[in-house]
Amino acid sequence: MTFTKSDHEPSAATLANIVIARAKSRLAVTEIMEEYSLGLLSIFRDEIGGCVACVSAFLVALLASEEYDLDALAWLIRPSRGWPFRGMADGKQDRHSVQHRGFKGSAYRKPDVIIRNGGSTAFPLRGGGSARVRVTQNCLDVSATVKGVNFVSFGGRLRTAVPWPVPRSVDAASIYRPLLDVVDLAVVAGRDWPILAVERSSATQGCTFVSDVGTKAYIVPWARTTP
C-alpha cells in the first residue's frame with residue numbers, strides 16, 4: 001500500500017492557529033480556576049466565621065511565646081483537600097480523640113465525637129519544627145512539637161506526649177497537678193493547667209498527659225461586626 005501526501009495536510013498558518021487556540025483555552029481555564037479558588041475560599045470563610053467562637057488557651061500561649069499574631073494566622077487558614085465533602089467526623093471517633101482507659105479519681109471523661117471543619121494552616125517554630133492551627137468544631141486548635149514534646153489541643157483540653165520514660169508511680173501523683181510540674185517548657189511556664197488523666201501505650205516508653213487548659217473567646221477577623 002502506498003501513501004501519498006494528503007492535500008489536507010495543515011499549513012503553517014493552520015498549525016499556528018491551533019497553538020493559539022490551545023493558549024486561549026489554557027488562559028480561560030486558568031481564569032476559571034482562579035475564580036473557583038476565590039469563590040471556594042469565600043464560602044469556606046463564611047462557614048468558619050459562623051462556627052468559630054473560641055481559641056485554645058494553649059494556642060494563645062504558643063503564639064505569644066513564638067511572637068505570632070492570631071488574626072494574621074486566621075487569615076491564612078485554607079480549606080483542606082476535599083472540603084466541603086470531606087473533613088468532618090460524621091459520627092465516627094476522630095483520630096485525635098483521647099483513647100483513655102480511665103483513671104480512678106480523675107474527673108476526666110473521654111470526649112464525644114469531634115468534628116473537624118476541614119481547615120488549617122501551618123507555621124514554623126523558632127526552635128525548629130512547625131505547628132498547625134486547625135478548626136475543630138467551634139474552636140481554633142493547634143498541633144505542635146516543641147523540643148520533642150508533642151502537643152495536641154482539642155477545645156479546652158490538651159494532650160501532651162513526652163518521649164522520655166516516665167515511672168508509672170507518676171500517674172496517680174500527677175492527677176490535678178499543674179502540667180508545668182512534669183513538662184519544663186516556656187510555653188507552659190507560669191500556667192496553672194491541671195492534669196486530668198495519664199495515657200500510656202505499649203508502643204512508646206513515654207506517656208501522654210491530658211490537661212485542662214480552657215479556651216478564650218475568639219471571633220475570626222472577617223466575621224466581626226466591628227474591626
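What you are looking at is a predicted structure, and each value in this text was computed from that prediction instead of being measured.
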Quick one: [atom1] on [X] to [atom2] on [Y], what's the gap to the nearest 0.5 Å?
X: Leu40; Y: Glu35; atom1: CG; atom2: CD; answer: 13.5 Å
X: Thr215; Y: Asn138; atom1: OG1; atom2: CG; answer: 8.0 Å
X: Ile43; Y: Ile48; atom1: CD1; atom2: CD1; answer: 12.5 Å
X: Leu15; Y: Ile20; atom1: CG; atom2: CD1; answer: 11.0 Å
X: Asp71; Y: Trp222; atom1: CG; atom2: CH2; answer: 9.0 Å

pair [X]-[Y]: side-chain heavy atoms closer than 4.5 Å:
X: Val182; Y: Val166; answer: no
X: Val213; Y: Arg191; answer: no
X: Ile18; Y: Arg22; answer: no
X: Phe151; Y: Leu158; answer: yes
X: Arg134; Y: Val152; answer: yes
X: Tyr68; Y: Pro124; answer: yes
X: Arg78; Y: Arg45; answer: yes
X: Cys51; Y: Val135; answer: no

Check: Within the side chain of Ser42, is there an N or O that forms a donor-acceptor pair under 3.5 Å with the backbone of Leu38?
Finding: no
Next item on the list: Evaluate the criterion side chain to side chain contact (heavy atoms under 4.5 Å, CB included) for residue pair Leu140 and Leu70; output intermediate values, then yes/no.
Entry: CA-CA 10 Å; Leu140 288 188; Leu70 179 56; 4.1 Å; yes
Identify whether [X] and [Y] are in the same connected component of the hydrophobic contact network (ILVMFWY, side-chain heavy atoms under 4.5 Å).
X: Phe44; Y: Tyr36; result: yes
X: Val142; Y: Ile219; result: no
X: Trp164; Y: Val198; result: yes

Of all heavy-atom pairs between [X] and [Y], which one has the smallest distance, and what is that distance?
X: Ser153; Y: Asp141; value: OG-OD1, 2.9 Å
X: Val220; Y: Gly49; value: CG2-CA, 3.6 Å
X: Ser174; Y: Ile195; value: O-CB, 3.5 Å

Note to self: Does Asp69, at its CG atom, have more than 12 non-hydrogen atoms belonging to other residues, nucleotides or ligands within less than 6.0 Å?
What the structure shows: yes
Quiz: residues 125-133 side-chain donor-acceptor pairs under 3.5 angstrom, not counting sequence neighbours:
unit_1 : atom_1 : unit_2 : atom_2 : d
Arg126 : NH2    : Ser65  : O      : 2.1
Arg132 : NH1    : Ser120 : OG     : 2.9

Note to self: Pair Leu196, Phe209 - check side chain to side chain contact (heavy atoms under 4.5 Å, CB included), show working.
What the structure shows: CA-CA 8 Å; Leu196 302 181; Phe209 298 95; over 6 Å; no
Check: residues 56-64 side-chain donor-acceptor pairs under 3.5 Å, at least two apart:
unit_1 : atom_1 : unit_2 : atom_2 : d
Ser56  : OG     : Phe58  : N      : 3.1

